[in-house]
Amino acid sequence: MPEGHSIHRLARQFTDVFGGRRVAVTSPQGRFADGAARLDGRTLLRGSAHGKQLFVEFDGGLHLRVHLGLYGAFSFGGDEQFAGASSIGAPRRIGEREDLPAEPAVYRGPPEPVGQVRVRLVTEHGWADLRGASVCEVLTPAEVDAVRARLGPDPLRTADEGRAAAFHRRLRTRTGIGVALMDQSRVAGVGNIYRAESLFRCRIDPLRPSAELDSGQLDRLWDDLCELMAAGVREGRIVTTDPADRPDPQLPVWPEQAYYVYQRAGRECRRCGSVVQVAEVAGRKLYWCPGCQGD
DNA sequence: GAACCATGATTAC
DNA sequence: TAATCCTGGTTCG
């Protein structure tokens with residue numbers, strides 16, 4: 001589920017559970033055999049993220065760069081120490097079936113690879129498998145810098161200087177704000193959900209040329225992205241509805257209540273009752289409320 | 001079991 | 001703009 005918040009969570013997970021540990025690196029699928037051989041046996045130092053790019057640093061100045069694309073995913077597992085260090089908790093078994101073998105009481109290492117495992121990282125206490133990524137490669141520090149130089153400011157990289165100013169600068173374009181927000185060279189980490197939801201929350205028409213937005217609107221948009229995405233990192237899911245816009249503000253948020261417009265085409269806007277619209281724009285589905293986000 | 005679709009991005013035409 | 005990468009969940013028949 002890879003918008004920027006997921007990648008930042010992955011980065012933290014790598015630091016927490018593999019940081020400072022020697023890692024055996026393989027490519028069961030074979031497509032990353034050369035890269036795996038370069039990393040095998042090194043100590044993993046830390047994970048970091050910029051937008052949807054994940055960087056995992058190893059000793060000797062080598063960095064693993066991963067981009068999950070639309071359907072890439074990591075899965076993790078390990079012993080009690082691994083689960084204790086994990087920032088995303090013990091691995092959940094999704095779609096568990098009764099005929100699956102029971103989890104062994106004692107951790108004896110990673111399971112047989114299932115499907116196309118591009119990379120497998122194994123330490124004494126746990127493992128990580130990568131499947132379906134669109135990018136998986138080993139980079140030098142200079143190459144990492146080159147990748148990052150192509151990216152806009154990331155709402156989740158709070159330590160980076162001048163981010164709000166960079167956001168303003170890079171959104172000075174005639175491109176529609178809805179398309180501009182998905183352009184990773186303008187702002188990094190925003191995907192289809194965050195763009196739709198933050199534009200709704202800021203009452204901005206997604207088709208409006210970005211450069212027509214005034215400074216206050218851009219400020220509010222940036223602040224909202226920072227807030228929404230930080231919440232996404234904390235909670236491990238995207239929830240953009242304010243409690244007041246949910247049936248019972250006290251109750252846990254059901255998936256159906258999590259968004260204002262994303263995947264709600266044809267349904268009534270939670271705030272104004274207008275019918276939520278969808279259109280294919282630049283190859284992606286764009287959702288908005290004509291009532292709340294008109295001019 | 002097939003078909004379709006997705007929180008992404010690059011490449012070719 | 002379309003094809004591609006090639007996973008996994010959901011929907012269809």
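Residue numbers start from 1 in every chain, and the chains themselves are labelled A, B, ... in the order their sequence lines are given, proteins ahead of strands.
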task: Taking the six-membered ring for Trp and the single ring otherwise, decide whether the centroids of Phe82(A) and Tyr107(A) are under 6.0 Å apart.
output: no
query: Can you find a heavy atom in the side chain of Arg195(A) that is under 4.5 Å from one in the side chain of Leu286(A)?
result: yes
query: Distance check: side-chain N/O of Tyr262(A) vs OP1/OP2 of dT7(B), anything under 4.0 Å?
result: yes
query: What is the distance, rounded to the nearest whole Å, between atom CG of Leu68(A) and atom C1' of dT7(B)?
result: 11 Å
field: Integer angstrom distance from the P of dT7(B) to that of dT11(C)
entry: 15 Å
field: All salt bridge (Lys or Arg N to Asp or Glu O under 4.0 Å) counterparts of Arg21(A), not counting sequence neighbours
entry: none
- request: Report the distance from atom CD of Gln29(A) to atom C1' of dT7(C), rounded to the nearest whole Å.
  value: 11 Å
task: Can you tell me the distance, in whole Å, between the CG atom of Leu156(A) and the C1' atom of dT7(B)?
output: 14 Å
message: Of the options dT7(C), dA9(B), dT7(B), whose atoms approach the side-chain atoms of Gln184(A) most closely?
response: dA9(B)
task: List in numerical order all residues of residues 131-138 of chain A for which some heavy atom is under 4.0 Å away from an atom belonging to DNA chain C.
output: Arg131(A), Gly132(A)
- prompt: Which pairs with one or both residues in residues 181-204 of chain A pass ring-ring contact (aromatic ring centres under 6.0 Å, His included), sequence neighbours excluded?
  reply: His5(A)-Tyr194(A), Phe200(A)-Tyr260(A)
task: Round to the nearest Å and state the distance from His5(A) atom NE2 to dG8(B) atom P.
output: 10 Å
field: side-chain N/O His67(A) vs dA9(B) OP1/OP2, d < 4.0 Å
entry: yes
task: Go through the structure and list residues passing salt bridge (Lys or Arg N to Asp or Glu O under 4.0 Å) with Glu124(A), not counting sequence neighbours.
output: none
- request: Nearest whole angstrom, please: distance from the P of dT10(B) to the CE of Met182(A).
  value: 12 Å
task: Indicate, with yes or no, if Leu171(A) and Leu199(A) share a hydrophobic cluster defined by side-chain heavy-atom contacts under 4.5 Å among Ile, Leu, Val, Met, Phe, Trp and Tyr.
output: yes
statement: Atom OH of Tyr259(A) and atom C1' of dT7(B) are separated, to the nearest Å, by 7 Å
- prompt: Between Phe76(A) and Phe74(A), how do the two ring planes meet: parallel, tilted or perpendicular, split at 30° and 60°?
  reply: parallel
message: Under a plain distance cut-off of 3.5 Å, with no hydrogens placed, do Asp154(A) and His8(A) share a side-chain donor-acceptor pair?
response: yes
message: What residues from residues 148-155 of chain A pass a heavy-atom cutoff of under 4.0 Å to DNA chain B?
response: none
query: Which pairs pass side chain to side chain donor-acceptor pair (under 3.5 Å) with one or both residues in residues 220-239 of chain A, sequence neighbours excluded?
result: Arg201(A)-Asp224(A)
- prompt: Please give, in whole Å, the distance from dG8(C) P to Asp129(A) CG?
  reply: 11 Å
field: Leu64(A) side, atom CG; Arg42(A) side, atom CZ - distance, nearest 0.5 Å
entry: 12.0 Å
query: Taking atom P in both dG13(C) and dC5(B), what distance in whole Å separates the two?
result: 12 Å
message: So, OP1 or OP2 of dT7(B): does either fall under 4.0 Å of a side-chain N or O from Lys52(A)?
response: no
- request: Describe the nucleic acid contact of Tyr194(A) in one word from base, sugar-phosphate, nothing, applying a heavy-atom distance below 4.0 Å.
  value: nothing
query: If you measure from the P atom in dC5(C) to the same atom in dC13(B), how many Å do you get, rounded?
result: 14 Å
- request: Find the distance Leu54(A):CG to dT7(B):P and express it as a whole number of Å.
  value: 21 Å
task: Give a yes/no answer on whether the side chain of Arg284(A) brings an N or O atom under 4.0 Å of OP1 or OP2 in dT7(B).
output: yes
